[in-house]
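Everything on this sheet refers to the single structure shown next.
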Amino acid sequence: MLSLKVTVKLQIIKNHNIGVESKFHNVIICEGKNNVGLKDDEGNLTDGYFSLTNFPHGLQLTWVANQKCDTTPCNSLVLSRGGPRGSDNGETEEIKIVLEWVKCVKTLDTLLDQHFLITNNNLQKMLFVFNKGGLERLTQVLRGWARVQKSEVAETPLGIFIVPNRSGIIYPTISSELWQRYLNKNGTVTDIRHARRLIYEGGVSDEARGEIWRCLLSLHNHSHTHRQKSFRNQLLADKYKDIRLKVPDQKSDPEARSTFCTIVSEIEKDCCRTDSHNPLISGADNPNQAALKRILINYYLHRPEMGYVQGMSDLLVPIFLVVREESEVFWCFDFFMNRSAFSKVLYCNLYQQLAFLREVLGLLFPGIYNYLSTTGDALTLTCCHRWFLLFFKREFDLIQLLKLWDVLLGAPSPFFQVFISAAMISLHFPTMIDQHLSATELLMESQKLAGTFDLDEVLKQARHIYQQIVDLPEVPCSLIPLVGGEGDYWDGFRSPNFTCLDCEKKGFCEMKRDYVRIS
């Protein structure tokens, strides 16, 4: 009868107005058997239990059909994790909704029943019927919830609540304790999408960062068990040792040996200069600096097509300081470099990322875009090259940089640095434009901004810009690699409306044909 299954994710909130404390499994509302029914599109009603709970990951609604709860106390139901589970006959037995991408929530008191209606961004609906009252308490909770705002609509006496932008939401920083709650007893991450969402919104605590970065940088797959992780670590450690065997021999290939020696010399010089103020890696006799050199030399041997470029040592240091174990650092760095502006992977190179940035500026900040396009070669965005090449390492101190990289690694876009750059431009370039600076002067002034950016303000603006792009009525197909394709979103309901502009002339869309998700 019921075929609708919905899981919509959310972050934790703190709202002292409704007495919801940041505690695990804090039941706010619990309506017992037969009190709340779920109505399908044909008007059929299945009665069940309904509860609203404050979880570590958010305010969660749980509905469970009666047959699922005949022998289970209602209060214990909210302790289970995961999405909706269906029965053998296709009926929905359990639904969990955390009000994340829900577009609209209504509470409506009719002559016969009280209705609780949830609508997502694609206008799909789910209707809960309160047979024996109790909706007033739910309405009171929603009115006090920081995530929703009451809108005066005459035909809904109890209220209509529309999810606004993310201002005012308090997201948790993922601690080691909270991260462990995403792992089952075998060590598998049970909900990587939701975990990444919290990382994107709230960041990662220092003590949890090492383990989480290992997952985000693909040292381990989120589906790996403890045993599989241990096996993979040993396999990669052995593979790392074997890379040293690739050192070219002077007799068999003197030219390659000469090139190798030149690269080693460059690496040694760069490692001595990189973050020389940091005692953890500075000093000629520092074993950590020696490890950095070995990693970069081995990376050159492993990826000769990438070569070695000045700046790679800058990208390695943050990963080294977080992950620490040499072979694990190497493989995390290898993955990270494939997403960097140094990469030769499709869409990753510097000039493609700058093209994405120009398009974002043109769509959302036409004033800035027009000024840059009429001011010498400013639209080449030379002022942003360092941002992309070093992932903002010169613009923020180490503590801030690690927090920014948390967001980059957890972000829904594989190139979220584009949105970070757009945020920095939108926040600081208007002042320069008011001074009518030339392209050269823009470059000089943008370099002076290093160390002056407010990280929280930049991240807030970057998330907002990303959301604006995704929510456009028509997103140019050229931005598919930037914002992702079908199924790349935390919420399965959410998918941008990509529109082809000049593709009709060609008869096909290159982006839709060639797009491969960068993960």
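Scope of the values below: all heavy atoms of this structure, side chains included, with no hydrogens, waters or symmetry mates.
- By the neighbour-count criterion of 12 heavy atoms within 6.0 Å, atom CG of Leu235 is densely surrounded, having more than that number from other residues, nucleotides or ligands.
- Separation of the Tyr200 and Phe416 ring centroids falls under the 6.0 Å cut-off.
- Between Phe453 and Trp387, the ring planes lie perpendicular to each other; the angle is over 60°, past the 30° to 60° tilted range.
- A donor-acceptor pair under 3.5 Å links the side-chain atoms of Ser413 to the main chain of Leu482, judged by distance alone.
- Here Asp314 does not pair with Arg386 in a salt bridge; the nearest charged N to carboxylate O distance is not below 4.0 Å.
- Note that CG of Leu443 is 10.0 Å distant from CE of Met432, once rounded to the nearest 0.5 Å.
- Under the 30°/60° scheme for interplanar angles, the aromatic rings of Phe392 and Phe396 are found to stand perpendicular.
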Exercise for the section: Step by step, work out the ring pair (Phe, Tyr, Trp, His ring centres under 6.0 Å) result for Phe333 and Tyr299. Expected result: CA-CA 9 Å; Phe333 178 69; Tyr299 181 75; 5.1 Å; yes
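- Considering CH2 of Trp213 and CG of Leu409, their distance stands at 6.0 Å, rounded to 0.5 Å.
- With values rounded to the nearest 0.5 angstrom, Leu216 atom CG is found 11.0 Å from Arg209 atom CZ.
- In this structure, Arg394 contributes its side chain and Ala450 its backbone to no donor-acceptor pair below 3.5 Å.
- Counting non-hydrogen atoms of neighbouring residues, nucleotides and ligands closer than 6.0 angstrom, the NZ atom of Lys229 exceeds 12 such neighbours.
- Minimum heavy-atom separation, Gln447 to Cys383: NE2-O, 3.6 Å.
- The closest donor-acceptor contact from the side chain of Ser230 to the backbone of Arg227 lies at 3.5 Å or more, if one exists at all.
- Ion pairing between a basic and an acidic side chain is recognised when a charged N comes within 4.0 Å of a carboxylate O; Glu305 and Lys344 show no such pairing.
- A heavy-atom distance below 4.5 Å is not found between the side chains of Ser282 and Asp275.
- Classification of the His302-Trp331 ring pair by plane angle, with boundaries at 30° and 60°, yields perpendicular.
- Side chains of Asn186 and Thr188: no donor on one and acceptor on the other come within 3.5 Å.
- Closest of all the heavy-atom pairs between Thr452 and Leu449 is OG1-O, 2.5 Å.
- No donor-acceptor distance shorter than 3.5 angstrom exists from the side chain of Asp270 to the backbone of Gln310, with no hydrogens or angles considered.
- Under a 4.0 Å N-O distance rule, the pair Glu211/Arg214 does not qualify as a salt bridge.
- Here Thr431 contributes atom OG1 and Glu445 contributes atom CD; the two are 10.5 Å apart, rounded to the nearest 0.5 Å.
- Closest approach of Lys185 to His226, counting heavy atoms only: O-CD2, 3.8 Å.
- The minimum heavy-atom distance linking Ser478 with Glu359 is given by the pair OG-OE2, 2.6 Å.
- A donor-acceptor pair under 3.5 Å is absent between the side-chain atoms of Ser343 and the main chain of Arg339, judged by distance alone.
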